[in-house]
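The sequence lines fix the lettering, A, B, ..., with proteins before strands; numbering per chain opens at 1.
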Amino acid sequence: MSRRRIVAQLQMELRLLLRNGENLLVTIGIPVGLLVFFSFVDVLGVGPDAVDFLLPGMLTVGVMASAMVSLAIATGFERSYLVLKRLGATPLTRLELVIAKAAAVAVVLALQVAVLVTAALLLGWRIEAIGLGRAALVGGAALALGSAAFAGIGLTMAGRLRASSTLALANGLFVVLLLVSGVIFPLSSLPPPLARAATVLPSASLAQALRSAFAGHGSLVAPMAVVAAWAVVAPVVAARLFRWDDGG
Amino acid sequence: MPAAIEVDRLTKHYGDRPVVDGVSFTVEAGEVLALLGPNGAGKTTTVECAVGLRHADGGRVRVLGADPVRERGDIAERLGVMLQEGGAYQAATPREMIALYAAFYPRSLSMRDTLALVDLEARADARFRTLSGGEKQRVNLALALVGRPSVVFLDEPTAGMDPAARGRTWGVIEHLRAENVAVLFTTHYLEEAERLADKVAIMARGRLRACDTPQRLVAGEPTIVVITRGRVPVADLAAAIGAPATRSGTNRYVIQAPPDRVAAVVAWFADHDLPIDGITTRPTTLEDVFLTLTGSDR
């Protein structure tokens, strides 16, 4: 394993992510925009503590955007342009490439968390009950597991579908999950069967786990278990289905 | 000292279809081998097996003495590869791609030398997707060479290049040979193979039809060329004259036989009521050998 190769690859991944305007819109613009908009405009009946409800939801949206949408689209096009195949003929190993991509997602996620938490603090968000240390620890663990889960989902698409299909499906899934995961408005606003079904989604579970971690009360173990299960299963499925080039 | 590239009875199937069927050749350090063949001959698959991107189904491949798939970590830093298509990030610039690849190898060329090698200084900061086809090929060539490899694989390196870029690429390959690098390249251009290669391997339908120096490949019989408006049954002609015959172009037929067979050829055409619009003899060219071996008359 070569640190030099991983760092070079990570720099390229980050440079391409930050150069891509659409990508920045999805990863930063949408979660921050939704957080600010719905904190001021109470159309959804979340009440005066809207930011307390919205921040965990928007962190979840951020994870979906960077670990699923952005990673899947970039990787899908890299596969179709044979970038991944070509890298396979260099000394860079697959493990080094995966580490570089994971690190790139982590850097973007850290940036998203910093921007979202800053925006939330400006909007009057306060950490309660359990204190900053524990909230950060539990929240960080939930975000890490959530990233693994959504990266697995994104790479399952990117590793098997045509790049244009991955693009459409990742964006479509993002919008659907935005609506049914209790991130903008509570799950209780949904029809009860749909709300129950949503609790097995990694997005709804991640949002709930973060909400409980920040509030110091509410269900934490069950949603964390759901996120952890996705974090194991989705990457395994992605690894099994992934094709490094378009051919046989 | 093992050969730089050693391919021994290589076979590869895609599903039930044999794509490479018992191909053998070697390339030594300082030697250039051109792999020729029509589309679908199995050239790219042969290269990808040798590079380690595909597992061989049968036979043996060794590069610098190592198995290119199982022991790729041992040799990856000494190989330079240019695939037939693709490979670069569309939104990256040539300079960024070269810097990335330079970091993968322990004793890479400098950025300036690499850009100069492929004459890309003026386009170094343009996005890859905005480059012309020939410029993209030059970036891919640069990525194959930036790590100072001892074995180089180039799959159709000059496809899409203008004549100036093609000439420069020929110079690069000649320079590699002078530096004792082993080079395997594929091409559709016969004059390129004839000019650059120490050995020419001709493949058709997965099999190796010939592998020898260009001089020895064309050293056989001279050639009779007949121009006719008629439609010639080539197999019958070959059988009657007792020499290989192929169609070359719309109305030219090439028979690999010496001038004293001209009378027999003329008689055969007369017997079959085929008009002869022209007939000449000349030395055999690599193209004649290629067309005969690959059966492009079908």
#### Entry: chain B contact via A:Q11 - side chain, backbone, both or neither, heavy atoms under 4.5 Å
neither
### Task
With a 4.5 Å cut-off on heavy-atom pairs, point out which of B:A76, B:G73, B:G87, B:G80 contacts chain A the most.
B:G87
#### Entry: chain A contact via B:Y101 - which portion, at a heavy-atom distance below 4.5 Å
side chain
### Query
Does B:E77 come within less than 4.0 Å of A:R5, counting only side-chain N to carboxylate O?
yes
### Query
Within a strict 4.5 Å, meaning less than it, do heavy atoms of the A:Q9 and B:F104 side chains meet?
yes
#### Entry: Proximity breakdown for A:L87 and chain B, heavy-atom pairs closer than 4.5 Å
both
### Task
Check whether any side-chain heavy atom of B:Y105 sits under 4.5 Å from a side-chain heavy atom of A:T90, and report yes or no.
yes
### Message
Quick check: do A:R19 and B:Y89 have side-chain heavy atoms less than 4.5 Å from each other?
### Response
no
### Query
Can you say whether B:A99 sits under 4.5 Å from chain A via the side chain, the backbone, both, or neither, judging by heavy atoms?
neither
### Message
Any non-hydrogen side-chain atom of A:M12 less than 4.5 Å from a side-chain atom of B:M97?
### Response
yes
### Query
Do you know which of B:L83, B:L143, B:V51 has the most heavy-atom pairs with chain A at a distance under 4.5 angstrom?
B:L83
### Query
Just wondering, more than 12 heavy atoms not from B:R207 lying within 6.0 Å of its CZ?
no
